[in-house]
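Convention: sequence-line order gives letters A, B, ...; per-chain numbering from 1.
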Protein chains: 4
Amino acid sequence: MASRGVNKVILIGNLGQDPEVRYMPNGNAVANITVATSESWKDQQGQQQERTEWHRCVLYRRLAEIAGEYLKKGAKVYLEGRLQTREWQDQQGQKRYTTEIVVNEMQMLDSRPGAGGGQAQQGGQGNWGRPQQAPAAQGQGGYGQQPQQPAAQGGYGQQGGYGAPAAPKPQGQQPQQPSYNEPPMDFDDDIPF
Amino acid sequence: MASRGVNKVILIGNLGQDPEVRYMPNGNAVANITVATSESWKDQQGQQQERTEWHRCVLYRRLAEIAGEYLKKGAKVYLEGRLQTREWQDQQGQKRYTTEIVVNEMQMLDSRPGAGGGQAQQGGQGNWGRPQQAPAAQGQGGYGQQPQQPAAQGGYGQQGGYGAPAAPKPQGQQPQQPSYNEPPMDFDDDIPF
Amino acid sequence: MASRGVNKVILIGNLGQDPEVRYMPNGNAVANITVATSESWKDQQGQQQERTEWHRCVLYRRLAEIAGEYLKKGAKVYLEGRLQTREWQDQQGQKRYTTEIVVNEMQMLDSRPGAGGGQAQQGGQGNWGRPQQAPAAQGQGGYGQQPQQPAAQGGYGQQGGYGAPAAPKPQGQQPQQPSYNEPPMDFDDDIPF
Amino acid sequence: MASRGVNKVILIGNLGQDPEVRYMPNGNAVANITVATSESWKDQQGQQQERTEWHRCVLYRRLAEIAGEYLKKGAKVYLEGRLQTREWQDQQGQKRYTTEIVVNEMQMLDSRPGAGGGQAQQGGQGNWGRPQQAPAAQGQGGYGQQPQQPAAQGGYGQQGGYGAPAAPKPQGQQPQQPSYNEPPMDFDDDIPF
DNA sequence: TTTT
DNA sequence: TTTT
């Protein structure tokens with residue numbers, strides 16, 4: 001409900017491998033993805049250098065399902081979340097720590113294969129999920145025949161219920177909308193400058 | 001529910017004046033605040049320069065109420081939101097545009113007056129709301145005798161209902177919490193470094 | 001040099017039209033771009049709604065040149081900058097205000113046309129600049145035959161000199177690099193998890 | 001010079017202990033700080049819960065010096081940086097990983113002790129550095145008698161020279177300033193709303 | 001270790 | 001209008 005301080009991470013990068021999705025006893029999905037960001041620079045000898053940073057990210061519930069459905073190795077994504085370091089024990093019983101980004105917002109940044117009409121199914125190089133599947137395998141995702149590029153937001157435990165299988169419940173977050181008595185704001189079809 | 005693109009603003013600044021809170025017909029609160037950020041630099045002649053930027057911000061529902069209750073002129077705040085430009089007409093019937101930050105998260109950054117025990121009475125210079133009030137005037141805010149520093153998050157239309165007077169309903173956002181079957185993460189009592 | 005407060009904007013969106021680049025007397029480039037972000041939601045009647053927000057952005061110097069060279073209408077970009085409201089006078093001598101994002105970091109998010117081999121030349125739909133040019137017409141940009149996807153960072157006055165034509169000077173910002181006596185960090189070729 | 005992707009962290013939190021500052025052979029300062037953020041929520045049984053997250057942060061050069069000089073245990077700061085995971089070996093020769101935030105911007109969020117006149121001397125509870133020192137012990141910091149609240153930005157390798165002791169050189173980053181032929185922007189004395 |  |  002509240003928080004003291006701000007703990008925010010923003011990433012744009014590419015998946016190092018396909019998402020790993022698993023389900024908890026209560027039916028909630030959890031997905032792990034690893035995302036690479038990189039920077040390059042010239043060192044003091046003028047040599048071009050590059051360094052890749054790998055980020056371990058975890059997504060829950062609806063976000064996990066979307067990730068599992070639509071992302072694959074190489075996909076470019078925008079992620080927003082918070083840092084969390086968890087403790088675990090290695091085989092020797094030693095305490096270890098792993099820092100992860102708990103994602104609460106995701107945007108896919110690859111242009112959709114098959115977008116824009118025609119262009120047809122399959123993929124392979126588009127980094128979108130399930131490209132090899134038969135065209136009829138759809139439906140579960142709820143994104144329709146021509147699946148909309150899903151852009152997902154998932155606050156903290158946003159889908160409400162723990163203990164219930166993830167379902168397409170109404171999101172707790174809708175845009176803060178122009179109420180009748182606010183000034184008009186219709187920008188839908190023209191650019192104001 | 002969804003969004004294409006990212007539209008995010010992060011501000012830390014000081015209120016130029018007390019918040020203006022009003023209520024919509026449906027009972028929802030709306031608050032307007034103006035926040036200053038400033039930067040200083042040396043120009044090419046070596047003169048110290050400073051420029052203040054004023055940001056017009058709008059808060060809705062619970063956030064508006066908290067702002068009205070706890071913020072006042074001079075208060076330092078962290079704000080997160082999105083940009084929104086709305087069109088209006090001036091007296092000559094000319095189209096005008098105003099860009100505002102629609103706030104969906106807020107953190108007060110002033111230390112509470114009277115926090116920590118002792119440290120003296122009243123406020124007046126602490127930039128917290130209602131400092132001149134009699135000590136007994138509490139209660140309405142629901143923050144208890146020793147009101148907790150409120151840190152508030154308000155997604156898009158987060159408090160659920162339009163058309164209902166704002167009430168302290170459960171937030172749509174709770175921390176994404178360690179469920180029983182997730183990896184252990186208990187940092188409560190020891191530190192990883 | 002310093003700033004009191006934080007004034008930060010993060011956008012991911014698409015250009016509404018080609019960048020407009022002009023040059024100042026001192027030779028510095030200035031580019032204006034308009035970027036759309038949009039969100040969609042279901043209203044209370046269950047109707048799908050969408051709202052597009054248009055952001056007026058301004059880029060200076062090297063960033064302006066890169067924008068002019070590589071971006072075009074429809075291109076998807078990541079932008080980071082700060083809000084700035086400037087005053088101007090309309091024809092009636094009335095004070096008007098326009099809020100812009102002064103961009104200091106930019107990332108192009110479209111996959112390069114012609115990247116990865118095959119996929120072929122031409123453009124038109126790739127949203128990258130100068131797509132109709134002959135393949136040999138390159139060179140000015142300094143991005144080579146197979147131009148690297150430019151990712152640019154431009155702090156405040158980053159290219160150092162005012163008063164000089166923008167040149168590919170060394171950036172004032174290089175990655176904060178592992179100095180000899182810091183712990184080794186070579187992640188270049190393996191994923192650590 | 002460039003980067004592919006975005007790797008950004010934004011924190012507001014409190015220092016768990018005084019900064020640890022050390023110097024590299026080339027004279028550059030490095031500071032380590034640990035910063036706490038926390039969130040609280042009600043669990044499913046209605047119990048108030050709280051979780052504190054600890055962030056390991058590293059600052060270089062001028063930022064490190066400022067941190068060492070002005071921050072102390074308990075201080076509240078705004079930090080911006082990037083995630084970096086470095087590999088090291090434990091005593092058993094095992095590979096270990098530690099994730100840190102490499103800070104490139106910092107803002108102190110505590111109000112200065114002794115600011116505003118009167119308000120009394122010394123510190124101890126103000127979380128500003130060196131509070132127990134004799135008033136004359138100043139000078140090294142270059143912030144004057146009444147030290148300005150330092151707000152610091154330090155890009156990547158921002159202070160220019162490696163291999164030289166950090167000195168108050170001109171920052172590579174000045175505000176992107178209104179040049180003569182840009183639209184007027186003088187907000188110094190009037191407010192747009 | 002912090003803070004409320 | 002704020003803040004330092």
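For B:Ala67 against B:Met106, the heavy-atom pair with the smallest separation is N-CE, 4.0 Å.
By the 4.0 Å N-to-carboxylate-O rule, D:Arg56 lies close enough to D:Glu100 to be salt-bridged with it.
D:Asp18 is linked by a side chain to side chain donor-acceptor pair (under 3.5 Å) to nothing, counting only residues two or more places apart in sequence or in another chain. D:Glu20 meets the side chain to side chain donor-acceptor pair (under 3.5 Å) test with no other residue; sequence neighbours excluded.
Following rounding to the nearest Å, B:Leu109 (CG) and F:dT3 (P) show an atom-to-atom distance of 15 Å. When the P atom of F:dT3 is taken as reference, atom CG of B:Asp110 falls 10 Å away, rounded to whole Å. In this structure, the CG atom of D:Leu79 is 15 Å from the C1' atom of E:dT3, given to the nearest Å. Going from atom CG of D:Asn32 over to atom P of E:dT2 covers 18 Å, rounded to whole Å. In this structure, C:Asn7 places its CG atom 14 Å from C1' of F:dT2, rounding to the nearest Å. One interatomic measurement links the two molecules: CG of B:Leu71 to P of F:dT3, which rounds to 13 Å at whole-angstrom precision. One can place CE of D:Met108 at 20 Å from P of E:dT2, the figure rounded to the nearest angstrom. Taking atom OH of B:Tyr78 as the reference point, atom P of E:dT3 lies 21 Å away to the nearest angstrom.
Distances were taken from every side-chain heavy atom of C:Arg4 (C-beta onward) to each of F:dT3, F:dT2, E:dT3; the shortest belongs to F:dT3. Proximity note for B:Ser38 (side chain, C-beta onward) versus F:dT2, F:dT3, E:dT2: the nearest is F:dT3.
Residue B:Lys73 places at least one side-chain N or O closer than 4.0 Å to OP1 or OP2 of F:dT2.
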